[in-house]
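Data first, discussion second: the structure below is written as structure tokens.
Only a predicted model underlies this, so the values are computations on that prediction, with no experimental measurement involved. Every number for a ligand or one of its atoms is a count from 1 in the order of the listing.
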Amino acid sequence: MNLIFLGAPGAGKGTQAEVVSEAMNIPQISTGNILREAAKNGTEYGLKAKAAMDSGALVSDDIVIGILKERIAQDDCQNGFILDGFPRTVPQAEALDAMNIKIDKVIEIAVADETIKQRVSGRRVCEVCGASYHVEYKPSKVEGKCDKCGGNTIIRKDDQPETVLERLAVYHEKTAPLKEYYAKQGKLVTVEGQEEVADTSKLTLEAVKA
Ligand code: ADP
Ligand code: ZN
């Protein structure tokens, strides 16, 4: 099964993508994580991407499409995959269609902007492996340490309040049109984000299996 997870920054699409990835044993491909890793390693495209990411802008379609093509070609994607954070623009969606990869469903995690603004401030990410946490909704077992690898969990630079506003604006302008794009293909399923992560996960798993 090939799935796309769509949602505003901080809506919890990554968290839900992870739940489905574990339940169905298919890899979760987060373009945000791949880009942050590249930025950390100082690769040429990573440094270019970092400037865009830190300001809340999108990384160029060329770079992201290139990354995705390479990632999807790997063996572990043969039995399906979950795209978490790709596509984010109509040209990216068109590029995916042009790759002749059949997408089964597009799951939108819908959360109001007001809720997002409140939530993002509590978000933390492991600086080593990229796992994500939330101080209130999804705390790590030991505060400040990653459950998976023991690395430090930190606040992402682009989770500062001003940058979050910019990312929400970019989401509404560039990414939200994908809802209509995939609705037209009959693939869009909307899951309303709930107060409790576990409740959203239940709805998400139902939507995937329906
Ligand atoms: P969030 O979903 O919380 O916004 P991500 O980790 O998915 O976080 O993305 C972080 C940043 O990485 C984005 O704001 C953007 O700059 C960049 N990025 C990730 N995926 C894409 C993409 N498909 N196209 C363009 N930029 C991307
Ligand atoms: Zn970690």
Side-chain angles (χ1 to χ4, degrees), residues 4-18 28-40 45-72 82-96 106-111 113 115-117 119-134 137-138 140-178 181 193:
I4 291 172
F5 273 68
L6 201 63
K13 67 174 165 6
T15 302
Q16 297 307 326
E18 185 183 336
Q28 169 189 7
I29 300 171
S30 160
T31 41
N33 279 355
I34 296 173
L35 289 167
R36 277 187 289 276
E37 187 66 27
K40 204 166 70 184
Y45 82 77
L47 294 178
K48 229 196 254 175
K50 188 176 188 310
M53 289 164 83
D54 285 352
S55 73
L58 293 181
V59 174
S60 77
D61 287 338
D62 287 1
I63 291 183
V64 186
I65 290 166
I67 289 176
L68 190 91
K69 276 191 178 152
E70 221 170 80
R71 182 62 189 86
I72 275 186
I82 300 172
L83 301 184
D84 163 17
F86 184 100
R88 251 181 163 93
T89 64
V90 170
Q92 290 179 19
E94 288 168 348
L96 190 60
V106 178
I107 311 279
E108 179 208 358
I109 307 294
V111 172
D113 282 10
T115 314
I116 285 179
K117 288 178 206 163
R119 273 194 200 171
V120 165
S121 61
R123 191 148 81 157
R124 300 290 182 272
V125 59
C126 171
E127 63 179 350
V128 179
C129 77
S132 67
Y133 300 93
H134 191 285
Y137 303 105
K138 194 191 171 194
S140 53
K141 292 192 183 90
V142 177
E143 198 190 321
K145 296 285 172 200
C146 176
D147 292 350
K148 293 187 179 152
C149 78
N152 291 325
T153 62
I154 56 167
I155 299 177
R156 267 164 49 180
K157 204 167 183 181
D158 59 346
D159 277 347
Q160 320 281 356
E162 321 78 69
T163 318
V164 169
L165 293 183
E166 174 62 20
R167 287 161 66 209
L168 277 173
V170 169
Y171 174 77
H172 289 296
E173 188 195 332
K174 305 255 174 70
T175 308
L178 292 178
Y181 184 96

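Of all atoms in ligand 1, numbered sequentially from 1 with element shown, those under 4.0 Å from a heavy atom of G10 are 3 (O). Atoms of ligand 1 lying under 4.0 Å from at least one heavy atom of L58, given by number and element, are 16 (O), 25 (C), 26 (N). Of all atoms in ligand 1, numbered sequentially from 1 with element shown, those under 4.0 Å from a heavy atom of R167 are 1 (P), 3 (O), 4 (O), 8 (O), 14 (O). Short contacts between ligand 1 and R36, defined as distances under 4.0 Å to a heavy atom of the residue, involve ligand atoms 6 (O), 10 (C). Proximity to T31 (heavy-atom distance under 4.0 Å) selects the following atoms of ligand 1: 19 (C), 20 (N), 21 (C), 23 (N). In summary, the atoms of ligand 1 found under 4.0 Å from a heavy atom of K13, numbered by their order in the structure, are 1 (P), 2 (O), 7 (O). For ligand 1 and Q92, the ligand atoms under 4.0 Å from any heavy atom of the residue are 22 (C), 23 (N), 24 (N), 25 (C).
Taking atom 5 (P) of ligand 1 as the reference point, the nearest protein heavy-atom neighbour is R88 NH2, 3.7 Å.
Distances from atom 23 (N) of ligand 1 to the heavy atoms of G14, G85, A51 show the closest one on G85.
When only interatomic distances are considered, the shortest N/O to N/O separation between V59 and ligand 1 falls below 3.5 Å. Between A52 and ligand 1, a contact under 3.5 Å exists for no N or O pair. Where the criterion is an N or O separation shorter than 3.5 Å, residue side chain and backbone included, L35 fails it with respect to ligand 1.
Only side-chain heavy atoms of R123 come within less than 4.0 Å of ligand 1; its backbone N, CA, C and O stay farther off. The backbone of A57, and not its side chain, has at least one atom closer than 4.0 Å to an atom of ligand 1 (non-hydrogen atoms only; backbone = N, CA, C, O). The side chain of R156, and not its backbone, has at least one atom closer than 4.0 Å to an atom of ligand 1 (non-hydrogen atoms only; side chain from C-beta on).
If you check the side chains of S140 and D147, you find no donor sitting under 3.5 Å from an acceptor.
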